[in-house]
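Everything below concerns the one structure shown next.
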Amino acid sequence: MPELPEVETIRRDLEKTIIHKKIVKVKIYLPQLIKIPEVNQFIIRLQGNDIEEVRRRGKYLLFFLNTDDYFVIHLGMSGQLSYQYQSSELPEKKGKHDHVFLLFEDGSQLIYNDVRKFGKMWLLSKEREMPAIELLGLDPFGLDFSFEKFFNILRKSHRNIKSLMMNQRKIAGIGNIYANEILFIAGIRPLRKASSLTKKEAERVFLSIKDVLSSAIQLRGTTMVDKSYRDLDGNWGKYEKELLVYGKRKGKCPYCGQSLKMIRIENRSTFYCCACQK
DNA sequence: AAAGTAACCTGCCCGC
DNA sequence: TGCGGGCAGGTTACTT
């Protein structure tokens with residue numbers, strides 16, 4: 001589910017709520033979620049420590065502790081974090097898909113909920129970068145995300161532009177919804193070979209990436225009708241109203257009125273207008 | 001070696 | 001009303 005704008009929205013909210021709070025208790029009901037280290041070690045190294053900083057890399061959230069450790073969450077397709085301000089001592093009111101509870105000193109708690117269980121968590125020493133994160137490509141909001149670098153990535157690629165944009169090793173954070181929207185606004189067909197884009201076309205894609213992602217962050221992400229994405233307070237993102245093509249089966253192009261095409265690229269639904277996208 | 005497919009999961013929607 | 005198939009915002013491992 002969550003792509004860069006949703007993860008960034010959650011990160012910003014976490015920054016306002018859990019920073020400098022001491023974790024007094026950790027409860028894990030789904031051990032398979034924890035990839036590194038063993039569940040018991042994971043709990044022991046979290047309990048009694050403060051979260052000092054929350055960062056984002058691509059779709060990963062990184063929580064830096066006051067110790068030598070940091071922990072990492074990837075929300076997968078359906079992972080959600082929610083923050084409960086007032087709560088009882090023990091997090092015993094467990095919903096069906098609540099898998100992890102972090103109880104803070106002030107009685108508030110952070111709950112990880114995940115219907116499909118594709119999410120993952122790690123706890124690592126700060127000296128060690130997580131392999132999956134090390135392999136990530138440029139972050140669209142990183143200082144090093146320049147047009148020159150972007151254009152070079154396109155030129156070296158042998159793949160279509162949509163697959164390239166969704167390849168986390170090239171550009172980190174773009175998923176299926178935003179890839180569709182970005183290409184529509186840039187006027188580029190998703191199946192165009194990335195290396196075939198002219199400099200002007202690449203510039204349009206580059207600018208659309210920044211535009212679409214920052215507008216989506218502004219509106220706190222996209223919650224589709226299935227309502228699976230929520231922010232820390234349980235509220236929906238409001239970018240769905242802005243979507244121009246994604247999810248619009250039998251829809252019309254908002255620019256020219258022609259029927260939108262729906263194809264599959266790497267088994268993901270892909271929407272575009274064959275008149276407006278070249 | 002790139003590209004396709006299956007796997008990991010649950011829930012919802014649709015057609016029969 | 002029920003059942004089967006397809007689909008969902010992601011990633012990885014395995015197969016062609």
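Here is how names work: the chains are called A, B, and so on, in the same order as the sequence lines, proteins then strands, and each is numbered from 1.
Both Ser269(A) and Tyr60(A) sit near DNA chain C, but only Ser269(A) has its closest nucleotide nearer the 5' end.
Note on Gln168(A): every side-chain N or O is 4.0 Å or more away from OP1 and OP2 of dG10(C). OP1 or OP2 of dT11(C) lies within a sub-4.0 Å distance of a side-chain N or O belonging to His74(A). OP1 and OP2 of dA2(B) both lie 4.0 Å or more from every side-chain N or O belonging to Arg159(A). Under 4.0 angstrom from either OP1 or OP2 of dT12(C) there lies no side-chain N or O belonging to Lys120(A). Residue Tyr246(A) has a polar side-chain atom (N or O) positioned under 4.0 Å from OP1 or OP2 of dG9(C). Regarding contacts with the backbone of dA8(C), a side-chain N or O of Arg249(A) is found under 4.0 angstrom from either OP1 or OP2. Between Lys96(A) and dT10(B) there is no side-chain N or O to OP1 or OP2 distance below 4.0 Å. Side-chain nitrogen and oxygen atoms of His97(A) include at least one within less than 4.0 Å of the OP1 or OP2 phosphate oxygen of dG11(B).
Hydrophobic clustering (side-chain heavy atoms under 4.5 Å, transitive across Ile, Leu, Val, Met, Phe, Trp, Tyr) keeps Phe184(A) apart from Leu191(A).
The pairing partner recorded for dG9(C) is none, the criterion being a Watson-Crick or G-U wobble arrangement whose two distances lie under 3.5 angstrom. Pairing for dC9(B) is absent, judged as Watson-Crick or G-U wobble with the two contacts each under 3.5 Å.
Rounded to whole angstrom, the span from the NE2 atom of His158(A) across to the C1' atom of dA3(B) amounts to 13 Å. One atom, CD1 of Ile171(A), and another, C1' of dG10(C), lie 17 Å apart when rounded to the nearest Å. At whole-Å resolution of the value, CZ in Arg268(A) and C1' in dG9(C) are 7 Å apart. Here dC9(B) presents its C1' atom at 9 Å from CG of Asp114(A), a figure rounded to the nearest Å. Rounded to whole Å, atom P of dG10(C) lies 13 Å from atom CG of Asn167(A). Atom CG of Asn113(A) and atom P of dC9(B) are 17 Å apart (whole Å). We find that CE of Met165(A) is positioned 15 Å from C1' of dG9(C), with the value rounded to whole Å. If you measure from atom CE of Met121(A) to atom P of dT11(C), you get 16 Å, rounded to the nearest angstrom.
For the pair Lys22(A) and Phe104(A), the cation-pi test (distance below 6.0 Å, angle within 45°) is failed.
Side-chain to base pairing of Arg116(A) with dA8(C): one donor and one acceptor N or O lie within less than 3.5 Å of each other. Side-chain to base pairing of Thr222(A) with dG9(C): no donor and acceptor N or O lie closer than 3.5 Å to each other.
Electrostatic pairing of Arg45(A) and Asp69(A) counts as a salt bridge here, judged by a charged N lying under 4.0 Å from a carboxylate O.
Looking at heavy-atom distances under 4.0 Å, Arg169(A) makes no contact with the nucleic acid at all. Within the nucleic acid shown, Gln32(A) comes within 4.0 Å of sugar-phosphate atoms alone, with no base atom in reach, counting heavy atoms only.
Candidate nucleotides dG11(B), dC7(C), dG10(C) were compared by shortest atom distance to the side chain of Val115(A), and dG11(B) ranks first. For Met77(A), counting side-chain heavy atoms from C-beta on, the closest listed nucleotide (dC9(B), dT12(C), dG9(C)) is dG9(C).
A distance of about 26 Å separates the P atoms of dG9(C) and dA2(B), rounded to the whole Å. Taking atom P in both dC3(C) and dC9(B), the straight-line distance is 24 Å, to the nearest Å. With P as the reference atom, dA1(B) and dT11(C) are 24 Å apart, rounded to whole Å.
Neither side chain, Arg264(A) nor Thr270(A), offers a donor N or O lying under 3.5 Å from an acceptor on the other. Side chain to side chain, Asp114(A) and Tyr112(A) meet the donor-acceptor criterion of an N or O pair below 3.5 Å. For the residue pair Ser108(A) and Tyr83(A), a side-chain donor N or O sits within less than 3.5 Å of a side-chain acceptor on the partner.
The side-chain ring of Phe118(A) is stacked on the base of dC8(B), judged by centre separation under 5.5 angstrom and plane angle under 30 degrees.
Side-chain N or O atoms of Asn49(A) include none that pairs as donor or acceptor with a backbone N or O of Asn66(A) at under 3.5 Å.
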